[in-house]
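Note that the coordinates shown come from a computational prediction; the quantities given were computed from them, not determined experimentally.
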Amino acid sequence: MASAWWQVDNATTSVATELKLALEKEDGLSREDLDACVGKISRQIDESTAHIYETINRHYSEFVNVVEFSENMQAEVNSLAADLADIEGQAKKGRLANIINSAAEQRTLAKKLGATKVAVGILQHLCTVDGLLRNFDSQVERGQFDVAAKAVAEAGRLLELLKLQTENGCDPKIFGAIRSDFRRKRAKLKADLDELWGKAVVWNAAVDECLTLCTTVPAPRGTAEVNIGVLVDGLRHVEMLDRKLVQFAEQACSVVLEPLVKALGTSVSVARNQRTITLTLAKPSASSSKSKRGGNDAAAVGALYRSAEQLFQLISGAFSDDTSVRAAIGASLWPRFTTTVIERVLANTVSAQRSKQDQHGQIVEASRKFEDTVRGLGFIGDDCQLTKYLADITIHTANNRRQELLETARDLLSSDNFNTILVKQETERGGLFLDDDEDDSAGSDAGSAATTATLAESLFRLPTCHVSVSTKALVDYAYDNLAEMAGMEEEEAILVFYGVRDMFDLFRAIVPVKNREMLLQVPQLCAVFHNDCFYLAHHLLTLGHQFRGALPQSMHSLATFVDMVPAFRAMGEGLFSQMLHQKRDTFGKAISACSLGDIDDPAKFEEVQRVVQQTLHQLGQLASVWKGVLPTDVYYGAVGSLVDVIADRLLATVIRLEDISSVQTQKLRGLFEPVLLTAPQHFEKVGGAAIAEHVATWVRFNDVYEVLDAGLRDIVAKHKAKVYAVSAAELRSLIKAIFSNSELRAKCLSELR
């Protein structure tokens with residue numbers, strides 16, 4: 001029987017007693033006595049190890065009930081540990097140390113005692129783990145889940161230590177058996193605790209009774225009742241509590257607190273009985289909700305805080321004995337709740353506070369009292385996010401204002417309104433030269449002073465043109481907001497100033513990206529975009545100078561929009577130039593593709609004539625959509641650039657001809673005539689500007705037209721008189737192609753230098 005060895009061992013004399021008797025002998029302790037003591041304790045450890053392993057194996061592998069041996073087993077191991085400690089003490093500083101002379105003997109004894117101590121430690125851990133696990137089922141049946149969880153946690157810690165000792169003598173089979181039982185019990189305990197928590201905390205967002213807390217719940221097995229405090233301790237010991245509390249906080253926010261915020265006016269009631277606490281939400285009626293739509297007054301905010309307080313008080317009452325639980329719930333719940341309150345309630349109250357300062361004071365006081373209450377219940381420390389947010393009302397008001405600025409600007413710029421409006425210097429807001437009729441200051445000098453003033457005015461003067469309605473509205477909106485800075489506090493004025501800057505940045509970010517392909521394909525829209533950019537640049541030149549007085553003195557050097565001017569000018573000019581280059585390439589390729597060497601053939605001439613007429617027709621369409629839209633000088637430059645490419649390609653083709661018959665001469669003049677008649681019309685109707693000022697090849701084009709119908713002597717005479725802009729080389733090429741070889745031609749060619 002397993003009990004026999006306990007009885008025999010207890011009947012024998014202990015190693016410590018034998019050691020004491022040997023030390024008291026007259027002739028003292030001999031080396032043989034010492035070896036006998038060490039040998040005996042080693043044999044006892046081996047015997048104890050064998051019987052402990054047998055007992056554990058029978059219990060955990062064969063499921064034999066050996067509970068009656070566990071106390072004796074623990075006592076025997078403790079006795080061995082005491083004997084070992086006594087020998088170690090004597091070996092270090094007692095009489096036993098006097099018989100160990102050499103260092104080698106000391107090391108040998110220390111090694112034997114160390115190995116023995118490791119073996120005893122393993123046995124102690126095994127016995128302790130066995131004792132912890134043997135009592136588990138009874139503890140669970142009695143509802144002592146905190147004790148059971150603490151025992152399981154301690155057993156897990158000891159098993160981790162034993163895991164490291166498997167290489168130092170702990171039998172892996174025994175360790176595996178006891179660890180398997182530990183894992184089964186731990187999994188069972190976690191499942192029971194999870195079930196108990198589900199019964200103790202019941203959330204239901206689908207009904208009005210959204211939270212029920214049970215202070216006691218029945219154990220899964222047996223008739224015991226489990227207190228919620230015991231349940232919390234059990235969860236803490238098995239490291240499940242933190243996750244449960246985070247989930248609890250999330251549910252509290254989503255099921256109770258956020259509905260209170262989203263539907264201001266919702267009331268809360270709490271019902272208590274001996275075992276449960278129930279929280280119920282009562283949503284406001286339709287008429288009440290309609291009358292309080294927005295819910296942004298001080299009364300609504302105060303009611304929200306009072307309702308939320310009831311939830312915090314309910315939780316505090318349920319976990320009254322554990323401050324760490326309340327702090328953990330608050331750490332997860334409070335940031336989310338305050339963020340929701342700020343975003344959905346307080347942010348809306350701030351936007352109207354300039355006209356309701358008394359209500360703002362009431363909201364601040366209600367927020368302070370609410371935070372003090374929650375802090376007193378133990379959910380938060382020094383956190384005061386609500387009052388801190390409200391204390392910065394000026395900043396929040398300015399941020400709301402800035403957000404409104406950007407939203408309005410985004411709506412303006414994202415609209416597909418392509419209507420235009422005429423703008424001119426005399427009707428524009430701001431600027432340095434507002435009225436052409438203003439007299440110069442008396443006594444101003446004429447001459448250089450007048451010239452300087454005229455030059456300065458030309459730099460800051462807005463040319464008359466058409467801009468988009470949305471861009472005009474954006475500029476007016478900027479002026480309106482900058483003008484209001486005079487009545488604002490410094491922080492608010494600064495944020496509004498930068499908000500206006502952001503509005504103009506939005507133009508650069510939205511318009512050219514959203515409409516790029518359309519701007520390149522539709523010349524009128526591209527022209528309007530060009531005007532928009534230069535219109536904005538015109539106002540940006542002086543906008544900061546006009547309103548910097550409303551900003552703090554430290555901001556005066558920074559209150560400028562001038563740094564944005566080059567970007568707007570480059571953006572407008574770049575896109576318009578890209579579109580213009582596309583049109584020039586189209587016109588140039590069409591004219592260059594025409595073959596003028598065989599236009600004496602009627603079919604070939606009609607084909608070339610059709611290409612020229614189509615090109616001139618397209619030119620006329622472009623001129624018609626740009627006329628009055630672009631500033632006059634920009635219009636002249638754009639149309640002149642297109643006329644120049646038509647005239648240049650025709651000239652280059654004619655000058656390259658080596659032989660031109662009389663018939664071809666007249667046909668070529670017939671191709672030149674439509675250009676000479678049509679092109680000037682696009683300039684005269686705008687202001688009578690000389691076309692030659694904007695078309696570089698225009699004079700040469702006229703000269704070649706005349707040469708095609710002139711005589712040799714007239715050509716030479718006009719060349720000598722410097723009437724022609726055509727070079728001598730070009731004239732010689734034309735004469736050789738038009739006139740047959742003769743003495744007169746040779747003479748004329750020799751006179752062309």
Side-chain angles (χ1 to χ4, degrees), residues 409 412-413 415 417-440 450-483 500 503-504 507 511 519 522-547 561-562 564-573 575-577 580 622-640 682-690 693-694:
L412 284 172
L413 299 173
S415 65
N417 184 359
F418 300 110
N419 294 330
T420 63
I421 185 172
L422 181 68
V423 293
K424 52 186 179 179
Q425 177 70 26
E426 293 75 20
T427 59
E428 280 303 296
R429 301 167 67 172
L432 300 180
F433 303 95
L434 305 181
D435 192 352
D436 285 344
D437 297 331
E438 288 184 358
D439 295 333
D440 294 335
T451 302
T452 303
T454 303
L455 176 61
E457 182 175 352
S458 67
L459 293 175
F460 293 95
R461 187 173 184 82
L462 174 69
T464 300
C465 62
H466 277 257
V467 298
S468 65
V469 171
S470 58
T471 300
K472 170 67 174 170
L474 184 72
V475 170
D476 289 340
Y477 191 55
Y479 271 96
D480 291 341
N481 282 278
L482 291 174
V500 172
M503 285 169 46
F504 293 117
F507 182 94
V511 178
L519 293 175
V522 183
Q524 184 176 12
L525 294 182
C526 190
V528 172
F529 176 75
H530 167 275
N531 292 350
D532 287 347
C533 292
F534 277 81
Y535 176 71
L536 292 171
H538 165 79
H539 283 284
L540 291 173
L541 276 173
T542 60
L543 203 55
H545 173 76
Q546 295 173 65
F547 294 102
F561 296 86
V562 175
M564 307 175 79
V565 171
F568 275 95
R569 286 179 173 172
M571 183 169 59
E573 186 174 358
L575 200 65
F576 187 73
S577 296
L580 194 60
L622 290 172
S624 65
V625 299
W626 289 341
K627 191 183 305 177
V629 173
L630 288 169
T632 303
D633 57 342
V634 179
Y635 170 83
Y636 285 155
V639 176
H682 302 312
F683 294 84
E684 293 170 358
K685 292 184 178 180
V686 179
E693 298 176 9
H694 304 284

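- With hydrogens and angles disregarded, a donor-acceptor distance shorter than 3.5 Å links the side chain of N531 to the backbone of H466.
- Separation of atoms CZ (F507) and CE (M564) is listed at 11.0 Å; rounding is to 0.5 Å.
- Distance NZ/K424 to CZ/R461: 10.5 Å, rounded to 0.5 Å.
- H694 and G637 get closest at one heavy-atom pair: ND1-N, 4.5 Å.
- Scanning all heavy atoms of the two residues, the minimum distance from L525 to L519 falls at O-CD2, 3.5 Å.
- Side-chain atoms of W626 come within 3.5 Å of backbone atoms of P523 as a donor-acceptor pair (strictly under, hydrogens ignored).
- The heavy-atom pair separating C533 from M571 by the smallest distance is SG-CE, 3.7 Å.
- Nearest heavy atom pair, residue V475 against residue L536, reads CG2-CD2, 3.4 Å.
- Contact check for L630 versus Y636: no side-chain heavy atoms found under the 4.5 Å cut-off.
- Looking at Q546 and T542, their side chains do bring a donor and an acceptor atom within 3.5 Å of each other.
- Residues F534 and H530 bring their aromatic ring centres within 6.0 Å.
- Among all heavy-atom pairs drawn from A537 and F568, the shortest one is CB-CB, 4.2 Å.
- The CD1 atom of I421 lies 11.0 Å from the OG1 atom of T471; values are rounded to the nearest 0.5 Å.
- Listed by chain and residue number, nothing satisfies the ring pair (Phe, Tyr, Trp, His ring centres under 6.0 Å) test with F529 (two or more places apart in sequence, or in another chain).
- If you take CZ on F683 and CD on E693, they are separated by 10.0 Å, rounding to the nearest 0.5 Å.
- Residue Y477 comes nearest to N481 through the heavy atom pair O-ND2, 2.8 Å, listed as atom of the first residue, atom of the second, then distance.
- For D480, the salt bridge (charged side-chain N to carboxylate O under 4.0 Å, His left out) partners at least two apart in sequence or on another chain are R429.
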**Request:** Go through K472 and E428 one step at a time and tell me if the side chain to side chain contact (heavy atoms under 4.5 Å, CB included) criterion holds.
**Result:** CA-CA 10 Å; K472 170 67 174 170; E428 280 303 296; 2.9 Å; yes
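- Side-chain contact between V639 and L622 is absent, with no heavy atoms from C-beta onward closer than 4.5 Å.
- Side-chain atoms of Y535 never come within 3.5 Å of backbone atoms of L462 as a donor-acceptor pair (strictly under, hydrogens ignored).
- Annotation: the span from F561 atom CZ to H545 atom NE2 amounts to 13.5 Å, rounded to 0.5 Å.
- A donor-acceptor pair shorter than 3.5 Å can be found between the side chains of S468 and D532.
- Inter-residue side-chain proximity for T420 and V629 is flagged as unmet; no heavy-atom pair is nearer than 4.5 Å.
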